[in-house]
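Predicted, not measured: the structure shown is a model, and the values here were computed from it.
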Amino acid sequence: RISFAKTANMPIDQVTISFLDPYQSSGPLVISPRFDDSLSFLTQWLTAHRSYVESQMLLHGAVLIRGFQINDAPDFEKAIMALQPNLSD
């Protein structure tokens, strides 16, 4: 079962949340764009829902972020830093 959280300024349902295998309700959770696939939107959404994403990583073992405009390593770093701002090299 996927549990949903809500942040007043950025509703969680602005992305699609599903399982990697649509026939099972376990395994990695997949976060993909519903309306906006921009890197800017993704970083804002991850920042707003950091605790939700972290709890889902612990619950499901992994969270896959797919379909957003992450085109190179610096884009990937921006997305990850939105989720984990204290990461270091």
Side-chain angles (χ1 to χ4, degrees):
R1 181 173 180 242
I2 301 172
S3 60
F4 292 97
K6 185 175 180 179
T7 300
N9 62 347
M10 176 82 54
I12 200 161
D13 65 357
Q14 290 186 349
V15 298
T16 299
I17 299 174
S18 59
F19 289 102
L20 185 60
D21 183 345
Y23 301 105
Q24 294 187 9
S25 59
S26 63
L29 206 63
V30 178
I31 298 172
S32 56
R34 179 168 285 178
F35 308 110
D36 186 348
D37 67 350
S38 69
L39 178 60
S40 174
F41 168 79
L42 175 61
T43 58
Q44 291 173 25
W45 190 91
L46 287 171
T47 299
H49 299 288
R50 184 178 298 135
S51 62
Y52 169 76
V53 175
E54 289 174 349
S55 71
Q56 296 306 298
M57 283 192 286
L58 291 173
L59 183 62
H60 299 289
V63 172
L64 303 176
I65 298 172
R66 291 187 163 175
F68 291 93
Q69 294 178 26
I70 299 175
N71 300 312
D72 52 28
D75 288 351
F76 180 74
E77 182 178 8
K78 287 177 189 172
I80 295 305
M81 293 304 286
L83 188 58
Q84 293 291 326
N86 296 322
L87 284 180
S88 62
D89 294 335

Clusters formed by hydrophobic residues whose side-chain heavy atoms approach within less than 4.5 Å: which one holds Val30, and what are its other members? Leu20, Leu64
Just by modelled atom types, is the Ala82 backbone N or O under 3.5 Å from a matching donor or acceptor in the Arg50 side chain? yes
Is the shortest side-chain heavy-atom distance between Leu42 and Ile70 below 4.5 Å? yes
Would you say that Val53 contacts Ile65 through its side chain, given a criterion of any heavy-atom pair below 4.5 Å between the two side chains? no
May I ask you to test the Phe68-Asp75 pair for a side-chain heavy-atom distance under 4.5 Å? no
What distance do Thr16 atom OG1 and Phe35 atom CZ have between them, rounded to the nearest 0.5 Å? 8.0 Å
Counting C-beta onward and ignoring hydrogens, is there a side-chain heavy-atom pair between Asp36 and Gln44 closer than 4.5 Å? no
CZ of Arg34 to CD1 of Ile12: how many Å apart, nearest 0.5 Å? 10.5 Å
Between atom OG1 of Thr43 and atom CE of Met81, what is the distance when rounded to the nearest 0.5 Å? 12.0 Å
Do Leu46 and Leu87 share a hydrophobic cluster, counting only Ile, Leu, Val, Met, Phe, Trp and Tyr and linking them when any side-chain heavy atoms are less than 4.5 Å apart? yes
What's the separation between atom NE2 in His49 and atom CD in Gln56, rounded to the nearest 0.5 Å? 12.0 Å
Are Tyr52 and Ile17 close enough that some pair of their side-chain heavy atoms sits under 4.5 Å apart? yes
Here the pair of heavy atoms bringing Leu39 nearest to Ala79 is CD1-CB, 4.2 Å
Contact between Asp21 and Phe19 at the side-chain level, heavy atoms closer than 4.5 Å - yes or no? no
Could you tell me whether the side chain of Asp37 and the main chain of Pro33 form a donor-acceptor pair under 3.5 Å? no
